[in-house]
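All chains are named by letter (A, B, ...) in the order of the sequence lines, taking the proteins before the strands, and each is independently numbered beginning at 1. For the numbers below, each heavy atom of this structure counts, side chains included, while hydrogens, waters and symmetry mates do not.
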Amino acid sequence: MSRPVRTRIAPSPTGDPHVGTAYVALFNWALARRLGGSFILRIEDTDRQRSTGASERMILEALRWLDLQWDEGPDRGGPFAPYRQSERTAIYREHAERLVAGGAAYPCFCSRERLDALRAEQKAAKAQLGYDRRCRALAPAEAARRRAAGEEHVIRLAMPVDGETASDDLLRGTITVANSQVDDQVLLKSDGLPTYHLANVVDDHLMEISHVIRAEEWISSLPKHVRLYEAFGWEPPVFCHLPLLRNADRSKISKRKNPVSLEHYRAAGILPEALLNYLALMGWTMPDERDQFSREDFVAAFRLESISLGGPVFDLEKLGWLNGKYLRDLRPEELLARLRGGPLADSYLLTILPLVQERIETLADFVPYAGFFLAGEVSYEAQALPRLAAPGRGPAATAKAVQELLEGHLDPILEWQVAAVEQALTSFMEASGWNAKELFMPLRVALTGRTATPPLYETMAALGKERCRWRLRRAVEVLRAMKA
RNA sequence: GACCCCAUCGUCUAGCCCGGUCUAGGACACUGGCCUUUCACGCCGGCAACGCGGGUUCAAAUCCCGCUGGGGUCACCA
């Protein structure tokens with residue numbers, strides 16, 4: 001109880017910076033600041049297939065934009081460096097061995113094929129899903145021999161077979177789960193890298209994290225984590241599972257139904273302090289119940305224990321209202337500075353200017369011509385609207401195509417450049433049978449609201465991924481509402 | 001399906017722990033009006049909720065149980 005407060009945000013760099021990361025980071029940051037502790041940034045890049053440096057950079061940039069300053073992290077070091085899990089693999093292996101030696105974990109030689117078959121079988125029989133613990137029965141000497149021979153294997157947690165595990169959550173009290181319900185989780189993958197469960201527990205302990213504040217989706221693996229602390233002989237931290245941000249239909253927030261990239265909010269002209277304030281409202285209420293408050297006031301009043309548990313629906317409308325209040329509070333000079341840091345940044349203007357320059361006659365033409373580059377969303381010009389649907393295909397088919405293009409080809413792009421956009425459109429056309437002649441005008445209208453614009457690839461690259469995403473999604477909705 | 005979490009206005013929530021002060025408060029949205037050349041802002045007002053059923057109690061939004069509903073998880077992803 002007397003140990004210093006240390007909290008952390010531990011994002012996985014596998015995509016665009018997520019609003020849920022900001023949400024969890026905010027409460028971790030606030031608790032550390034409130035109690036004079038430290039807030040740590042740790043990168044959980046143990047998924048070799050999906051982790052990228054580009055994603056990590058974007059996440060750091062997004063957290064900086066929100067001004068959630070961390071005291072220790074991969075970019076600035078600290079007493080428990082390194083803070084990137086891919087640089088700590090020896091530590092995890094050593095700890096996994098320790099568990100194996102103590103009998104709390106064991107090598108498993110089962111192939112993926114066998115595991116897949118097992119799962120299919122269990123599913124068909126409507127039985128409980130999970131590993132059948134076949135390799136747990138192996139004699140330690142036999143297992144050691146096969147490992148020494150270089151046979152491919154993973155290390156699994158040997159969960160107690162009976163009894164139950166009680167875990168404490170700060171907000172929910174004691175959560176008790178029968179051990180028979182808990183799977184023998186893989187701790188070390190066959191590539192030698194740890195899974196989340198091992199790496200997370202080991203690092204939280206070694207980095208002396210006092211409060212693990214994370215999303216509700218982790219509750220079901222809590223018993224595994226508690227068991228790991230126990231097996232290592234470590235004192236567990238305080239666990240606190242935050243409610244999940246929700247879509248309007250109350251499912252877990254997702255990019256199909258909501259903008260989830262922090263980059264979207266920046267591109268849409270949301271002020272970082274307004275976004276943070278709004279996020280704080282999701283589960284937290286100021287003692288005087290006011291909706292607008294500075295981060296200083298938030299930190300001063302913050303109590304982790306009084307977070308409410310209902311899954312809050314993320315409401316863009318209320319965020320917009322709050323942002324408006326913040327915007328109106330700015331002095332004109334400050335507003336100007338914000339504009340120059342955002343839509344009117346020199347760097348951005350310089351990328352769109354070459355596209356605009358050859359198409360205007362006077363300086364005065366710039367704003368009307370380039371308006372769609374600066375706006376959050378576009379309105380369709382009257383003569384452009386009918387051309388949102390491809391003539392030979394119709395609105396429904398066009399909607400479907402745009403959606404496929406978006407989800408299958410555009411979404412995966414991490415580094416949004418002209419070449420990447422061109423490649424995505426090309427691959428979509430090859431896969432779908434659409435050609436440029438029929439596809440490009442609908443896209444042009446969807447993205448700009450007009451029929452006459454600079455070249456499509458360059459325009460899309462300049463607009464940025466999030467503006468394109470948002471506008472294409474809206475176009476899909478408009479198309480669906482159109483009569484064939 | 002199994003396990004776990006959750007449950008106050010359409011949405012975010014206060015109240016619940018320590019039952020009466022709750023004819024349930026605030027905010028967004030919607031709506032009526034005022035201000036105003038217009039719009040926006042701002043101001044005043046309105047609409048709107050304790051999921052259901054049992055207990056406990058003189059008294060339940062508040063405590064207990066059940067049901068229903070919603071959500072999450074069930075990967076060599078996090």
Side-chain angles (χ1 to χ4, degrees), chain A residues 10-15 18 20-21 43-51 55 85 108-112 115-116 118-119 122-131 152-156 164-165 167 169 171-200 214-224 241-253 278-292 305-322 324-325 327-329:
Chain A
S12 186
T14 54
H18 199 277
T21 302
I43 297 295
E44 309 220 323
D45 54 348
T46 56
D47 183 340
R48 229 175 215 149
Q49 273 74 45
R50 299 195 307 145
S51 297
S55 173
Q85 292 187 328
C108 169
F109 302 91
C110 292
S111 66
R112 283 165 208 267
L115 262 20
D116 289 344
L118 179 66
R119 196 171 304 119
Q122 290 168 336
K123 231 171 196 166
K126 297 198 170 171
Q128 190 182 319
L129 266 35
Y131 181 55
E152 187 169 289
H153 65 281
V154 301
I155 302 295
R156 282 183 188 273
E164 50 190 28
T165 297
S167 325
D169 178 279
L171 261 14
R172 297 156 211 266
T174 302
I175 298 170
T176 304
V177 178
N179 290 145
S180 60
Q181 294 294 330
V182 184
D183 201 14
D184 276 5
Q185 184 60 234
V186 171
L187 299 177
L188 207 62
K189 301 180 268 191
S190 57
D191 64 3
L193 294 187
T195 58
Y196 169 87
H197 308 280
L198 208 220
N200 194 264
R214 73 224 304 191
E216 188 181 355
E217 57 191 331
W218 292 109
I219 289 182
S220 53
S221 39
L222 224 204
K224 293 168 188 172
H241 293 87
L242 262 20
L244 243 24
L245 261 20
R246 311 288 186 96
N247 297 312
D249 64 5
R250 302 213 165 265
S251 55
K252 174 164 92 164
I253 196 166
Y278 179 70
L279 252 14
L281 255 20
M282 308 273 87
W284 167 259
T285 310
M286 268 302 199
D288 62 6
E289 294 189 52
R290 67 191 201 272
D291 289 290
Q292 188 181 192
E305 305 77 39
S306 44
I307 287 174
S308 62
L309 292 177
V313 172
F314 196 87
D315 180 10
L316 290 171
E317 215 152 7
K318 189 159 181 175
L319 170 61
W321 164 79
L322 231 204
K325 288 187 79 91
L327 204 66
R328 289 188 292 272
D329 284 346

>> For a 4.0 angstrom threshold against heavy atoms of chain A, report the outermost contacting nucleotides of RNA chain B in 5' to 3' order.
In response: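 So the outermost contacting nucleotides come out as B/A2 to B/A78.
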Using a heavy-atom cut-off of 4.0 Å across all strands, would you classify [X] as base, sugar-phosphate, or nothing?
X        : value
A/Ser190 : base
A/Arg50  : base
A/Arg112 : base
A/Gly324 : nothing
A/Gln128 : nothing
A/Val313 : sugar-phosphate
A/Trp284 : nothing

Pairwise [atom1] distance, [M] and [N] [rounded to whole Å]:
N     : M     : atom1 : value
B/G55 : B/A60 : P     : 12 Å
B/C16 : B/C76 : C1'   : 45 Å
B/G20 : B/U13 : P     : 24 Å
B/C28 : B/G42 : P     : 8 Å
B/A27 : B/G46 : C1'   : 16 Å
B/G69 : B/C30 : P     : 33 Å
B/C63 : B/G26 : P     : 23 Å
B/A49 : B/U11 : P     : 12 Å

Is [N] paired to anything, Watson-Crick or G-U wobble with both distances less than 3.5 Å, and if yes, which nucleotide?
N     : answer
B/C35 : none
B/U56 : none
B/A61 : none
B/G19 : none
B/A2  : B/U73
B/U11 : B/A27

>> Both A/Gln49 and A/Lys126 contact RNA chain B. Which one's nearest nucleotide lies toward the 5' end?
In response: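 Mapping each residue to its closest nucleotide by heavy atoms, the 5'-most match is A/Lys126.
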>> Go nucleotide by nucleotide along RNA chain B from the 5' end; which of A/Thr14 and A/Trp321 gets its closest nucleotide reached first?
In response: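 Counting from the 5' end, the first nearest nucleotide belongs to A/Trp321.
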Would you be so kind as to tabulate the donor-acceptor pairs closer than 3.5 Å made by side chains of residues 280-290 of chain A, with sequence neighbours excluded?
residue, atom, partner, partner atom, Å
A/Asp288, OD1, A/Arg290, N, 3.1
A/Asp288, OD1, A/Arg290, NH1, 3.4
A/Asp288, OD2, A/Arg290, NH1, 2.8
A/Arg290, NE, A/Gln292, O, 3.3
A/Arg290, NH2, A/Asp297, OD2, 2.6

> For the atom pair CZ (A/Arg156) and CD (A/Gln185), what is the distance rounded to the nearest 0.5 Å?
Replying inline: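 Between A/Arg156 CZ and A/Gln185 CD, I get 8.0 Å after rounding to 0.5 Å.
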> Excluding sequence neighbours, so at least two apart, what forms salt bridge (charged side-chain N to carboxylate O under 4.0 Å, His left out) with A/Lys318?
Replying inline: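 So A/Lys318 forms a salt bridge (charged side-chain N to carboxylate O under 4.0 Å, His left out) with A/Asp291.
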>> Strictly below 4.0 Å, N to O, side chains only: are A/Glu216 and A/Arg172 in salt-bridge contact?
In response: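 Salt bridge: yes.
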> Who pairs with A/Asp249 by side chain to side chain donor-acceptor pair (under 3.5 Å), at least two apart in sequence or on another chain?
Replying inline: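 Side chain to side chain donor-acceptor pair (under 3.5 Å) check on A/Asp249 returns A/Ser251, A/Lys257.
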>> Please enumerate all residues that pass side chain to side chain donor-acceptor pair (under 3.5 Å) together with A/Gln128, with sequence neighbours excluded.
In response: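 Expected list: none.
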>> What verdict does the side-chain contact (heavy atoms from CB on, under 4.5 Å) test give for A/His241 and A/Leu171, after you've listed the backbone C-alpha separation in whole Å, the side-chain angles of each residue and the deciding distance to 0.1 Å?
In response: CA-CA 7 Å; A/His241 293 87; A/Leu171 261 14; over 6 Å; no
> Who pairs with A/Trp218 by ring pair (Phe, Tyr, Trp, His ring centres under 6.0 Å), at least two apart in sequence or on another chain?
Replying inline: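 Per chain and number, A/Trp218 pairs via ring pair (Phe, Tyr, Trp, His ring centres under 6.0 Å) with A/Tyr196.
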